[in-house]
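Here's the structure we're looking at; comments come further down.
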Amino acid sequence: MVLKFPHFIHGGDYNPEQWLDRPDILARDIELMKEAHVNSVSVGIFAWSHLEPEEGVFQLDWLEEIIDRLYANGIYTVLATPSGARPLWMAHRYPEVLRMSRNLTRNRPGVRHNHCYTSPLYREKVRLIDTALAERFGHHPGVLVWHLSNELGGQCFCPLCQEAFRGWLKDRYGSLDALNKAWWTDFWSHRYSDWSEIEAPVPSGETSCHGLNLDWNRFVTHQTVDFARWERDTVKAAAPDLPVTTNHGESYESINYFKYKDVVDIVSWDSYPLWGRDPDEREIGQNTAFAHDVIRSIKRQPFMLMESAPSATNWQEVSRLRQPGIHMLASMQAVAHGACSVQYFQWRKSRGASEKFHGAVVDHYGGSDTRVFQEVKAVGERLEKLDALLDGCPRPKAAILYDWENGWAMNDAAGPRNLGMHYLETVMAHHKAFWKLGVSTDVIDMECGLDGYRLVVAPMAYLLRAGIADKLRRFCEDGGIVLGTYWTGIVDETDLCFLGGTPGDGLGQLFGLRSEEIDGLYDGQYNLLRPLDGFLPREEYRLTELCELCKCSTAQPLALYGRDFYEGMPALTRNAFGKGTAYYLAARGEQALLDDLTALLCREAGIEPDLDADLPDGVSAIRREGSVTAVFLQNYLPEEVTVSLRRPYRDFESGEEVGSQLTLKPFEVRILEER
């Protein structure tokens, strides 16, 4: 993609099929795109009924005319396959393409993402339309990248999916005996004697077999990713050199996005933060930074921001307008974290249906003299000046372990705190500590390698997938620093508890301790962590929700519990392991504890902040490294702040020298490079 178009992409979802009867609007769109410095638009995402209005009758001339016209005006096309919403004639003629819900009833035709990824008939219909598109447009000079479907996800419980699930289980376990052992089916006398007895977990059936629940989630990811692979192979057969992507939503509980790593050439996602929810944008900024880091870490390379809102959304609880400056801040934040594009949903507002009030670059008024249009134009103008940064990406020395499968298993487990284990929130709290320091981080899963990192944080690694314990031990033996926490190494990858003590699978040796019990606290209850010998800067920190009772073998206590019957027991430990060090935090601590501990571990690991400066709370910095390296300094506060720089920098865009005291306007982003 970069070779074909070596610039940042600026554009968004364009739906010309909604305006084919208004050639004046289509002509005006071209004029407005050029005025807004738009260089690419995504086309065809939900256009199947226009592309194939009758079964087997393909009408592509209108699309070719659109793509030709865009290209003639210097605007490229991100061409979508239309499988996100099949035409109504298909659903009525072939009901098997429709999903079956968890209550085992077939869905009615309508809405989008209402199709079965397993259905051979649906896959064949997708193959035919994708092939027609690929043969017609796969070598068009104006087509930049394939956009496979749209926000793939959801579950289907139809007989086809149930049978495919059984086949997937046969491949995974080989025999029923192995499956029964892995799922511990002797509990409640639910042992399977034939593969046909296995059914997906539904409310009217089996829901208490945690191995079944976990494997069903894995299967849903497998089937969804396999569908994307099916589409990729179809378009690549006709146009092998055109890169492919598929856009992800911001979801941490459904599809394991890391499984797409070897399917797509470029990872992309749709970002819709709740800007304007809080008095300032600190928390939203950090949450969005975390999401960008997850997406970038899938392939550890630049990604595409496929969708973002140029103004208010219409599907969130409240449709808040973005304050002046927020659109630029959000766009530059994405670029800072590795995006090679800033794209919007949507270019022009729909006139009817459920997204007619969703924000757009061009609203129902249709002119360019609006605040939103001018802010979009400013982003386009700014991106055109950043081409030298295009091949760059953050290259963190620290990583946080976040694993979808671990989250599925932990959320399904009964205990130790059914009020909420808060795995995702805990991971994000650790990420926030790095974000406040201005230290960039990758967010990786248990299948990722650890090469290149100096510090790995592994919060609440309850389920240990095959190989992760060995990777953590080798990483530490070779000189790395590992921070583990409570509720780690409890079960293996089939959700069976380790015997002989936890953390299991050799992590007890890594951390030099054994966990005996874990105390689940009610909301409002707390304990205290009291550091020994001034190890941390505060005398005590508050602990909530979960407190683990550990016995040290080779580990050295660094802090003790301050209350309850386990007062005086270790709450934070350190263990020398090979050339490295393994720390263990035995309880959920307040943000101040994570902030202070993270700063200490970064110093020990020799990891410096991305910008040599004192960052006020609410200001973040992240370095994008490539042939040219620059640091994006971002203010998430609605007031001016001053940043004290400890070395000389110049402004990347103006070339001017920056003094030791740099003032940022509300929501301003400055791009700096070392002098």
Side-chain angles (χ1 to χ4, degrees), residues 285-286 289-290 292-293 296-297 300 332-333 335-338 389 392-401 429-444 450-458 475-476 478-483 535-537 574 579-583 591-636 641-652 657-662 664 669-675:
Q286 188 270 320
F290 175 81
H292 286 315
D293 288 344
R296 185 194 66 248
S297 299
R300 294 174 75 173
M332 290 300 107
Q333 181 192 39
V335 174
H337 284 263
L389 303 179
C393 196
R395 304 294 179 192
K397 298 300 181 184
I400 303 173
L401 199 64
H430 283 276
H431 181 274
K432 184 176 184 178
F434 287 99
W435 185 80
K436 292 170 70 175
L437 280 174
V439 173
S440 57
T441 55
D442 281 341
V443 182
I444 60 176
L450 305 182
D451 295 342
Y453 301 122
R454 299 176 186 172
L455 170 61
V456 173
V457 178
F475 173 77
C476 198
D478 292 341
I481 296 174
V482 175
L483 172 62
F535 179 73
L536 293 170
R574 176 174 57 201
K579 299 177 183 177
T581 308
Y583 290 82
Q591 188 66 49
L593 171 59
L594 303 186
D595 293 347
D596 291 343
L597 181 57
T598 301
L600 184 150
L601 296 182
C602 284
R603 288 195 297 270
E604 183 177 335
I607 299 174
E608 297 181 352
D610 288 10
L611 184 72
D612 194 3
D614 296 319
L615 296 180
D617 190 18
V619 176
S620 183
I622 185 167
R623 182 188 297 118
R624 182 166 174 146
E625 299 182 41
S627 54
V628 175
T629 295
V631 179
F632 288 69
L633 185 61
Q634 308 146 65
N635 179 18
Y636 291 88
V641 292
T642 299
V643 179
S644 298
L645 303 174
R646 289 193 289 267
R647 69 176 65 173
Y649 289 90
R650 65 166 58 91
D651 187 288
F652 174 80
E657 302 295 321
V658 176
S660 60
Q661 300 293 305
L662 176 61
L664 292 173
V669 178
R670 296 284 296 274
I671 306 174
L672 308 178
E673 58 179 337
E674 290 187 13
R675 195 173 65 190

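Each residue takes its place number in the sequence, starting with 1.
- Tested against Thr441 for a side chain to side chain contact (heavy atoms under 4.5 Å, CB included), the candidates Leu455, Thr598, Asp293, Ile607 yield a single pass: Asp293.
- Distance OH/Tyr583 to CG/Leu597: 8.0 Å, rounded to 0.5 Å.
- Atom CG of residue Asp651 and atom CG of residue Leu633 lie 10.5 Å apart, to the nearest 0.5 angstrom.
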| request: Show your working on side chain to side chain contact (heavy atoms under 4.5 Å, CB included) between Ile400 and Phe290 and close with a plain yes or no. | output: CA-CA 10 Å; Ile400 303 173; Phe290 175 81; 5.8 Å; no
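- A heavy-atom distance below 4.5 Å is not found between the side chains of Lys432 and Leu594.
- With Arg296 contributing its side chain and His337 its backbone, the two residues share a donor-acceptor pair below 3.5 Å.
- Of the possible polar contacts, one joining the Arg624 side chain to the Leu389 backbone as a donor-acceptor pair under 3.5 Å is found.
- The salt bridge (charged side-chain N to carboxylate O under 4.0 Å, His left out) test applied to Arg395 returns no partner, not counting sequence neighbours.
- Every residue two or more places apart in sequence or in another chain that forms a side chain to side chain donor-acceptor pair (under 3.5 Å) with Tyr453 is listed here: Arg300, Asp442.
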| task | Determine, stepwise, if the pair Tyr649 / Leu662 fulfils side chain to side chain contact (heavy atoms under 4.5 Å, CB included). | result | CA-CA 10 Å; Tyr649 289 90; Leu662 176 61; over 6 Å; no
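- Heavy atoms only, all atoms of each residue included: Ile444 and Ala399 are closest at CD1-CB, 3.9 Å.
- Considering all non-hydrogen atoms of both residues, Val335 and Phe632 come closest at CG1-CZ, 3.8 Å.
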Using distance only, find each side-chain donor-acceptor pair of residues 615-623 under 3.5 Å and give its atom names and separation, not counting sequence neighbours.
unit_1	atom_1	unit_2	atom_2	d
Asp617	OD2	Arg282	NH1	3.1
Ser620	OG	Trp435	NE1	3.2
Arg623	NH2	Asp610	O	2.9

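- Considering only heavy atoms from C-beta on, Asp614 comes within 4.5 Å of Arg646 through its side chain.
- Applying the side chain to side chain donor-acceptor pair (under 3.5 Å) rule to Lys436 yields the partners Asp595; only residues at least two apart in sequence or on another chain are considered.
- When all heavy atoms of Gly659 and Leu645 are compared, the pair lying nearest together is O-CD1, 3.5 Å.
- Of all heavy-atom pairs between Ile481 and Leu601, the closest is CD1-O, 4.1 Å.
- Considering only heavy atoms from C-beta on, Arg647 comes within 4.5 Å of Glu674 through its side chain.
- Using a 4.5 Å heavy-atom threshold, the side chains of Val658 and Arg670 count as touching.
- Taking each heavy atom of Gln333 and Gly285 in turn, the nearest pair found is NE2-O, 2.9 Å.
- Between Gln661 and Ser644, the shortest heavy-atom contact is NE2-OG, 3.1 Å.
- Here Leu437 contributes atom CG and Arg603 contributes atom CZ; the two are 8.5 Å apart, rounded to the nearest 0.5 Å.
- When the side chain to side chain donor-acceptor pair (under 3.5 Å) test is applied to Glu625, no partner is found at least two apart in sequence or on another chain.
- Scanning for side chain to side chain donor-acceptor pair (under 3.5 Å) contacts around Glu608 gives an empty result, with sequence neighbours left out.
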